[in-house]
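The basis for the numbers below is simple: all heavy atoms, side chains too, and nothing from hydrogens, waters or symmetry mates.
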Amino acid sequence: MTSESTKIDMQPKRVKRPRTGWHREDIKAELRKRGWPLVRVSTEHGYARKSAQATLGHSWPKMERIIANILEVEPWEIWPHRYNDYGQPVQDGNPNMVKLSHAGRPRNVELQVVK
């Protein structure tokens, strides 16, 4: 195996993202159907009561992952404008600016292979 093929194998896989995201009311309705009002999502995961509500309007990768897990989808399916083509959270809708953790490293996000 050449070093060039190793470089290709180590690159992150692209994820399949929808063109448009879910409407905030659709997210809330789907959560309620599953027995998870926004207040419960926040408090049962150790956050303040309005945390999940705030995520509907502002990017918050941890809470987005929690909501997506409850809805059994990936966060980039709900908020495609908040993630780049590799499933990493982006800053201010710019796919070239990956959101960093407080330690200055790219956020740890699970990737999904496009089939």
Side-chain angles (χ1 to χ4, degrees):
M1 185 185 301
T2 65
S3 63
E4 186 175 315
S5 65
T6 306
K7 286 181 183 178
I8 294 171
D9 294 340
M10 293 177 59
Q11 293 179 350
K13 304 291 185 201
R14 293 178 72 90
V15 296
K16 189 173 185 176
R17 296 185 315 152
R19 290 187 178 264
T20 59
W22 293 22
H23 189 276
R24 64 187 306 137
E25 293 299 323
D26 294 333
I27 297 167
K28 289 167 36 177
E30 192 61 36
L31 286 168
R32 281 193 308 267
K33 285 182 201 174
R34 295 169 186 249
W36 286 88
L38 289 172
V39 172
R40 179 177 175 210
V41 172
S42 300
T43 56
E44 289 205 12
H45 289 90
Y47 293 98
R49 294 173 53 86
K50 297 281 187 177
S51 297
Q53 179 75 34
T55 304
L56 299 179
H58 304 285
S59 180
W60 186 349
K62 271 191 175 179
M63 186 59 72
E64 291 168 9
R65 169 68 59 191
I66 290 168
I67 292 171
N69 284 339
I70 293 169
L71 298 178
E72 299 174 346
V73 296
E74 296 295 338
W76 54 82
E77 293 176 32
I78 302 172
W79 299 282
H81 59 285
R82 297 182 186 180
Y83 291 84
N84 67 13
D85 290 340
Y86 301 99
Q88 298 170 318
V90 297
Q91 198 165 0
D92 302 325
N94 182 347
N96 297 321
M97 293 181 65
V98 175
K99 204 167 229 186
L100 301 177
S101 69
H102 293 295
R105 295 184 297 271
R107 295 200 181 262
N108 186 17
V109 178
E110 297 173 23
L111 299 177
Q112 173 184 348
V113 177
V114 175
K115 294 179 182 175

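Atoms CG and CZ, on Leu38 and Arg49 in that order, are 11.0 Å from each other to the nearest 0.5 Å. Note that the NZ atom of Lys50 and the CG atom of Leu56 stand 11.0 Å from one another [nearest 0.5 Å]. For the atom pair CG (Leu71) and CD1 (Ile66), the distance works out to 12.0 Å, reported to the nearest 0.5 Å. Here OG1 of Thr55 is found 13.5 Å from CZ of Arg65. Values are rounded to the nearest 0.5 Å.
For the pair Ser42 (side chain) and Ala52 (backbone), a donor-acceptor distance under 3.5 Å is present. His45 contributes no side-chain N or O that, together with a main-chain N or O of Tyr47, makes up a donor-acceptor pair within less than 3.5 Å.
Residues Arg24 and Gln53 form a side-chain contact, since some pair of their non-hydrogen atoms from C-beta on lies under 4.5 Å apart. Residues Glu72 and Arg34 form a side-chain contact, since some pair of their non-hydrogen atoms from C-beta on lies under 4.5 Å apart. Between Ile27 and Trp79, the closest side-chain pair of non-hydrogen atoms falls below 4.5 Å.
No side-chain N or O of Tyr83 forms a donor-acceptor pair with one of Glu74 less than 3.5 Å apart.
Nearest heavy atoms, Trp76 versus Gly87: CE3-CA, 3.7 Å. Considering every non-hydrogen atom in both Ile78 and Ala68, the closest pair reads CD1-CA, 3.9 Å. Across all their heavy atoms, Trp60 and Arg82 have their closest contact at N-NH1, 4.5 Å.
Linking ILVMFWY side-chain heavy atoms closer than 4.5 Å, directly or via other members, places Val41 and Val73 in a single hydrophobic cluster.
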